[in-house]
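These notes are about the structure you will find just below.
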Amino acid sequence: MSAARSRAARDLFVGFKPQATLGDWLRGVEKLYAKAGATLGQVAASAHDEALYLLLRTLELPLDSDESVLKKKLTAAERTKVETVFRRRLVEHVPAGYLTHEAWLGEHRFYVDERVIIPRSYFLEIIPEQLDGWLPDPKKVTHVVDVCTGSGCLAILLAKHFPKAAVDAVDLSPEALEVAAINVKAHRLGKRVTLHRSDVFAAVPAVKYDVILSNPPYEPSEHCDALPAEFKREPRLALDGGGDGLDIIRKLLRQARTRLQPHGIVMIEVGGLRAVMDREFAALDLHWLHTGDGSDCVCVVNAARLKNWRG
Ligand SMILES: C[S@@+](CC[C@H](N)C(=O)[O-])C[C@H]1O[C@@H](n2cnc3c(N)ncnc32)[C@H](O)[C@@H]1O
């Protein structure tokens with residue numbers, strides 16, 4: 001640790017009183033987020049929400065505790081635990097999810113560590129709200145694939161949404177697949193979710209899917225070089241989509257042509273690449289799905305359109 005960082009770690013909680021309550025800690029730590037230049041967005045959108053989450057988790061209190069929990073006084077041992085966690089979060093810039101080893105998509109909990117990106121996909125809202133509308137008969141869906149599965153979170157959401165479907169979950173990273181295996185087991189889906197180590201579809205058995213879904217790496221490489229410290233702690237392979245961000249997406253769309261049922265669809269989350277996608281894949285006439293925050297960054301394309309595409 002550099003001298004400046006050691007000093008910052010030592011001085012972080014100067015002014016915090018020994019008799020402080022959990023509410024005092026929450027208010028104090030919240031202010032430290034801005035001072036420390038901590039970046040949010042992986043686990044929570046506000047310093048308040050993330051600090052409260054970390055406090056409750058560190059003190060092993062229920063996440064749905066009511067307000068009265070804020071009056072709790074911390075013991076000396078609890079203060080030490082809390083200080084250690086927030087030093088790692090605010091001085092070392094370790095993302096909260098890697099400190100607690102969990103991430104939540106809605107009510108679904110997933111194990112995470114540095115081998116995978118922390119789940120935060122828009123498919124959490126798209127799968128239950130919009131996916132079925134693109135299928136002739138959602139009850140008859142038998143084969144679904146999550147390409148670029150990381151922690152396995154979206155494959156697991158798909159398996160829950162389509163209770164009769166076989167779900168393939170594909171990733172190039174063997175380390176990510178180790179984490180996916182932990183989650184598949186924890187959600188008791190080992191009989192229906194199959195993990196594949198593959199560069200997109202290269203090593204996946206020839207199956208025709210009803211749904212191909214992907215939240216691929218899509219950051220242009222230059223953006224990855226400039227990311228805040230918290231995001232640089234995530235695997236580069238999970239973020240870097242090559243020069244223009246489209247490397248994996250191009251590959252996926254080309255390979256998807258031979259992997260879809262005639263009624264099948266491809267859905268891809270693309271972050272800030274919507275305009276780039278519309279230019280690059282104009283012939284596909286991509287349809288953009290509405291998302292709650294208005295970013296509308298998930299596109300859908302059907303098998304018929306893909307089949308006639310010369311890309
Ligand atoms: C943005 S993360 C998405 C993870 C997960 N689906 C989620 O939403 O949290 C992208 C994942 O793609 C994987 N990946 C990168 N290149 C790949 C490739 N060529 N083929 C398959 N997976 C790849 C990375 O290892 C990473 O786990």
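Counting convention: from 1, in listed order, for ligands and their atoms alike. No hydrogens, no waters, no symmetry mates; every other heavy atom, side chains included, goes into these values.
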Which of the numbered atoms in ligand 1 are below 4.0 angstrom from a heavy atom of P216?
-> 1 (C)
Nearest non-hydrogen protein atom to atom 22 (N) of ligand 1, with distance, is L172 N, 3.2 Å
Salt bridge check: are E178 and R115 linked by an N-O gap of less than 4.0 Å?
-> yes
What protein heavy atom sits nearest atom 24 (C) of ligand 1, and how far off is it?
-> D171 OD1, 3.5 Å
Is the closest heavy atom of V116 to ligand 1 under 4.0 Å?
-> no
To the nearest 0.5 Å, how far apart are CZ in R310 and CZ in R257?
-> 8.0 Å
After noting the C-alpha distance and the side-chain angles of E269 and S214, does the key distance pass the side-chain contact (heavy atoms from CB on, under 4.5 Å) rule?
-> CA-CA 6 Å; E269 181 167 339; S214 185; over 6 Å; no
Between E234 and R120, does at least one N-O distance fall below 4.0 Å, as a salt bridge requires?
-> yes
Please test N302 against L306 for side-chain contact (heavy atoms from CB on, under 4.5 Å), starting from the C-alpha separation and ending with a verdict.
-> CA-CA 6 Å; N302 64 25; L306 263 183; over 6 Å; no
Compute the minimum heavy-atom distance from S198 to ligand 1 and say whether it is under 4.0 Å.
-> yes
Hey, which atoms in ligand 1 end up nearer than 4.0 Å to a heavy atom of L154?
-> 6 (N), 8 (O)
Give the residue and atom name of whichever protein heavy atom lies nearest to atom 8 (O) of ligand 1, and the separation in Å to one decimal.
-> N215 ND2, 2.9 Å
Donor-acceptor list for residues 133-147 side chains, cut-off 3.5 Å, not counting sequence neighbours:
| unit_1 | atom_1 | unit_2 | atom_2 | d |
| --- | --- | --- | --- | --- |
| D137 | OD1 | K139 | N | 3.2 |
| D146 | OD2 | T149 | OG1 | 2.6 |
| D146 | OD2 | A155 | N | 3.1 |

Numbering as shown, the atoms of ligand 1 that approach T149 to under 4.0 Å (heavy-atom distance) | 4 (C), 5 (C), 6 (N)
Decide, yes or no, whether a salt bridge links E83 with R79 under the criterion of side-chain N to carboxylate O below 4.0 Å.
-> no
Find out if a path of hydrophobic residues (ILVMFWY) with successive side-chain heavy-atom gaps under 4.5 Å connects L239 to V94.
-> no
Proximal ligand 1 atoms for A238, defined as those under 4.0 Å from one of its heavy atoms | 1 (C), 2 (S), 10 (C), 24 (C), 26 (C)
Among protein heavy atoms, which sits nearest to atom 6 (N) of ligand 1, and what does the distance come to when rounded to 0.1 Å?
-> C148 O, 2.9 Å
Starting from atom 9 (O) of ligand 1, find the nearest protein heavy-atom neighbour and note its residue, name and distance.
-> C153 SG, 3.5 Å
Can E60 and K81 be counted as an ion pair, charged N to O under 4.0 angstrom?
-> yes
Among all protein non-hydrogen atoms, which one is nearest to atom 15 (C) of ligand 1, and what is the separation to 0.1 Å?
-> L237 O, 3.3 Å
Considering heavy atoms of the protein only, find what lies nearest to atom 19 (N) of ligand 1 and give residue, atom and distance to 0.1 Å.
-> D199 OD1, 2.9 Å
Here the atoms of ligand 1 under 4.0 Å from any heavy atom belonging to I248 are 16 (N), 19 (N)
D113 and H101: side chain donor to acceptor below 3.5 Å = no
Looking only at non-hydrogen atoms, find the nearest pair between I268 and L252 and report the distance.
-> CD1-CD2, 3.8 Å
Report yes if some N/O of K251 lies less than 3.5 Å from some N/O of ligand 1; otherwise report no.
-> no
Contact (N/O only, under 3.5 Å) between S151 and ligand 1 | no
Kindly confirm or rule out an N or O of D146 lying under 3.5 angstrom from an N or O of ligand 1.
-> no
Just do the side-chain contact (heavy atoms from CB on, under 4.5 Å) check on W25 and L55 with the steps written out, would you?
-> CA-CA 8 Å; W25 270 92; L55 282 166; 4.3 Å; yes
Considering distance alone, does some N or O of V200 sit under 3.5 Å from an N or O of ligand 1?
-> yes
Just jot down the ligand 1 atoms closer than 4.0 angstrom to any heavy atom of S173, in number order.
-> 25 (O)
Pull out every atom of ligand 1 sitting under 4.0 Å from any heavy atom of G150, numbered as shown with elements.
-> 4 (C), 27 (O)
